[in-house]
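Remarks on the structure that follows.
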Amino acid sequence: MYVIQMRTAILASGSGDKTVKIWHLAKKEPETLKRHGEYSWSGSVNSVAFSPDSKKLASASDDKTVKLWDVLTAKEICGFQS
């Protein structure tokens, strides 16, 4: 399952391979974020959403986690687990 959201010249997608990809459309290669499903066999990313200023990205996964990412550095800011 792919979930895609686009903001000004930035595209994000979540995937069944437990990753989030962020494309800065001026670049050819995406940043791949790989922190979902680390401790579980499941972990498909099923939702992504940008903050209103496009500086942060939230992702939600089947492993019952929500991650908040810095879009410019592609680093995890924090995570939540239910």
Side-chain angles (χ1 to χ4, degrees):
M1 168 187 228
Y2 287 95
V3 179
I4 299 173
Q5 184 169 7
M6 187 170 172
R7 283 286 181 171
T8 310
I10 303 170
L11 176 75
S13 67
S15 175
D17 67 359
K18 304 179 185 181
T19 65
V20 173
K21 292 189 190 286
I22 300 175
W23 285 269
H24 298 272
L25 299 182
K27 298 179 184 179
K28 291 186 179 183
E29 295 296 320
E31 297 282 343
T32 302
L33 314 177
K34 300 179 180 181
R35 299 277 314 225
H36 279 288
E38 291 181 303
Y39 307 108
S40 171
W41 62 270
S42 67
S44 296
V45 177
N46 51 39
S47 183
V48 293
F50 283 100
S51 63
D53 63 4
S54 299
K55 293 181 180 180
K56 294 177 184 70
L57 181 74
S59 59
S61 171
D62 287 340
D63 68 356
K64 299 182 182 176
T65 61
V66 173
K67 307 274 185 185
L68 186 62
W69 308 90
D70 182 295
V71 171
L72 294 177
T73 65
K75 301 286 184 200
E76 182 180 337
I77 297 169
C78 61
F80 306 93
Q81 188 166 358
S82 62

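Model, not experiment: these values are computed from the prediction.
Taking all atoms of both residues into account, the shortest heavy-atom contact from Ser59 to Val45 is CB-CG1, 4.2 Å. Closest of all the heavy-atom pairs between Ala60 and Val66 is CB-CG2, 4.2 Å.
With sequence neighbours excluded, the residues forming a side-chain hydrogen bond (donor to acceptor under 3.5 Å, both in side chains) with Asp17 are Ser15, Thr19, listed by chain and number. For Ile77, the side chain to side chain contact (heavy atoms under 4.5 Å, CB included) criterion is met by Lys56, Leu68, Asp70, not counting sequence neighbours. Applying the side chain to side chain contact (heavy atoms under 4.5 Å, CB included) test to Lys27 and every residue at least two apart in sequence or in another chain returns His24, Glu31. For the side-chain hydrogen bond (donor to acceptor under 3.5 Å, both in side chains) test, no residue two or more places apart in sequence or in another chain qualifies with Ser82.
Formation of a donor-acceptor pair under 3.5 Å by the Ser44 side chain with backbone atoms of Asn46 is not found in this model.
A 4.5 Å side-chain heavy-atom check between Phe50 and Ile10 finds at least one atom pair inside the cut-off. With contacts defined as side-chain heavy-atom distances shorter than 4.5 Å, the pair Pro30/Ile22 does not qualify. In this structure, the side chains of Thr32 and Lys21 come closer than 4.5 Å at one or more pairs of heavy atoms.
Cluster partners of Leu72, using a side-chain heavy-atom cutoff of under 4.5 Å among ILVMFWY residues and allowing indirect links: none.
A distance of 10.0 Å separates CG of Asp62 from NZ of Lys18, quoted to the nearest 0.5 Å. Taking CD of Gln81 as the start and NZ of Lys64 as the end, the distance is 9.0 Å to the nearest 0.5 Å. Atom CH2 in Trp69 sits 4.5 Å away from atom CG in Leu33 (nearest 0.5 Å).
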